[in-house]
Amino acid sequence: MTIKDNDDRLRVANAVKKLNSYRSTEYSIEVSDYPPGYFQGWHRHESFIVTMLLKGYVREQTRSGEMLIRPLSSGLRIPGTLHKDVFSPAGVRAIRIAVAPSFVARLEDESLVDLSSAMIFDREAVSALLGLSMYLAQTEKVTSIVSEKLFELFGLLGDRRSSAESDAPRWLLRSKEYLEDTFAEGTQLAHLADLSGVHPVYFARQFRRFYGCSVGEYRRKLQFQEAVDLLGDRRLSIAETACSVGFSDQSHFSRIFVRELGITPGRYRRFLT
């Protein structure tokens, strides 16, 4: 790396805006805005990192491949994992929790967690992280509630892994890609099974085996990830956002949003902007 490259990285890193934070001897929590096009070259973390994007996306590359991390995807990165990240051109807002290995070691010794490097979309985990983000934004005096929320979160980040996607049959991989392209059209399981040439029951079983959820749950995940991204754009009304991701109307969208995340779309928008 040249001196100029290093200077450029420092300049961009300094542009990261920390909105809210809390630090103890065992963990630190930050809600931050990352500038457009932010880039992190190959690096490792010394701590366990729990993260969730609140808006924007990140392309993360490891030695085993690349994945696109979108809003409301939460997960745990174990120390020592070599990876690099490219942030979206519109910027990213994220909550990031760095946890000391000694803290995690105690949990592992007592068999309280089974850690992995997988990103997950889990309703309870997402709600816990979102709630923690908003709590930090609204409360000047941080109390033991933060620790309580963190303990709850680690209770959710247990062994949620399904079979490795790399082992999935090609027809299932193609079906998942098709669903990701057409989710806003309300693509159904039976249609995916028909395209794949397998029985719907077999399709449902295999989908859950490799992706850890039903087709309907995965479709809802895609809807919410797209909706959260669009809520950050105030040029679109909430009704337009709802329609564009496949909800019948704003009322339906709002009801589901509150049920899944515990807040209204309007409140989430205000939190983002």
Side-chain angles (χ1 to χ4, degrees), residues 6 9-10 12-14 16-34 38-54 58 60-65 67 69 71-85 87 92-162 164 212:
N6 190 52
R9 289 182 61 183
L10 287 173
V12 176
N14 290 335
V16 175
K17 182 179 180 182
K18 188 183 300 182
L19 303 177
N20 308 101
S21 64
Y22 175 73
R23 183 178 298 274
S24 75
T25 56
E26 296 185 315
Y27 57 85
S28 63
I29 308 172
E30 298 176 357
V31 178
S32 302
D33 279 343
Y34 295 81
Y38 182 64
F39 171 77
Q40 292 179 318
W42 290 105
H43 65 287
R44 295 182 174 90
H45 298 292
E46 297 181 358
S47 302
F48 289 85
I49 305 295
V50 180
T51 183
M52 186 177 79
L53 303 190
L54 299 166
V58 174
E60 180 169 280
Q61 185 175 346
T62 65
R63 293 303 190 192
S64 60
M67 65 177 168
I69 303 171
L72 305 185
S73 288
S74 57
L76 182 64
R77 173 67 66 198
I78 61 176
T81 303
L82 187 64
H83 62 288
K84 66 178 179 179
D85 304 297
F87 292 65
V92 167
R93 178 170 295 181
I95 178 171
R96 180 180 181 274
I97 305 173
V99 185
S102 58
F103 176 82
V104 177
R106 291 200 300 275
L107 299 180
E108 290 183 306
D109 289 343
E110 298 178 26
S111 299
L112 296 176
V113 293
D114 184 5
L115 302 178
S116 74
S117 182
M119 299 300 293
I120 62 170
F121 180 93
D122 179 282
R123 175 181 175 181
E124 292 178 294
V126 167
S127 295
L129 280 163
L130 179 58
L132 185 54
S133 301
M134 301 190 73
Y135 180 82
L136 289 176
Q138 297 169 1
T139 307
E140 293 183 3
K141 183 180 180 181
V142 179
T143 68
S144 59
I145 293 177
V146 172
S147 295
E148 182 177 333
K149 289 180 180 292
L150 190 65
F151 296 149
E152 291 176 354
L153 177 64
F154 267 84
L156 296 169
L157 287 173
D159 187 12
R160 300 294 183 98
R161 300 191 73 181
S162 53

Who passes side chain to side chain donor-acceptor pair (under 3.5 Å) against S28, sequence neighbours left out?
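Counting only residues at least two positions away or on another chain, S28 forms no side chain to side chain donor-acceptor pair (under 3.5 Å).
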Side chain to side chain donor-acceptor pair (under 3.5 Å) against T25, all qualifying residues, sequence neighbours excluded:
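In terms of side chain to side chain donor-acceptor pair (under 3.5 Å), with neighbours along the sequence ignored, T25 is linked to no residue.
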How many angstroms lie between [atom1] in [X] and [atom2] in [Y], if you round to the nearest 0.5 Å?
X: R44; Y: K84; atom1: CZ; atom2: NZ; answer: 14.0 Å
X: I78; Y: H45; atom1: CD1; atom2: NE2; answer: 11.5 Å
X: L136; Y: L19; atom1: CG; atom2: CG; answer: 10.5 Å
X: I29; Y: N20; atom1: CD1; atom2: CG; answer: 11.0 Å
X: Q61; Y: L82; atom1: CD; atom2: CG; answer: 9.5 Å

Could you tell me which non-hydrogen atom of [X] sits nearest to which non-hydrogen atom of [Y], and how far apart they are?
X: D33; Y: R93; result: OD1-NE, 2.6 Å
X: V16; Y: Y34; result: CG2-CD2, 3.7 Å
X: K18; Y: E30; result: NZ-OE2, 3.4 Å
X: F48; Y: P101; result: CE1-CA, 3.8 Å
X: I95; Y: L129; result: CD1-O, 3.8 Å
X: Y27; Y: V99; result: CB-CA, 4.2 Å

Could you label the plane-to-plane angle of the H43 and H83 rings as parallel, tilted or perpendicular, counting under 30° as parallel and over 60° as perpendicular?
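Rings of H43 and H83: tilted, 30 to 60°.
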Is there side-chain contact between T51 and V58, with heavy atoms separated by less than 4.5 Å?
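No. Closest side-chain heavy atoms not under 4.5 Å.
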Listed once per pair and sorted, the salt bridge (Lys or Arg N to Asp or Glu O under 4.0 Å) pairs that draw on residues 94-104, sequence neighbours left out
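Applying salt bridge (Lys or Arg N to Asp or Glu O under 4.0 Å) to every pair that reaches into residues 94-104, excluding sequence neighbours, yields nothing.
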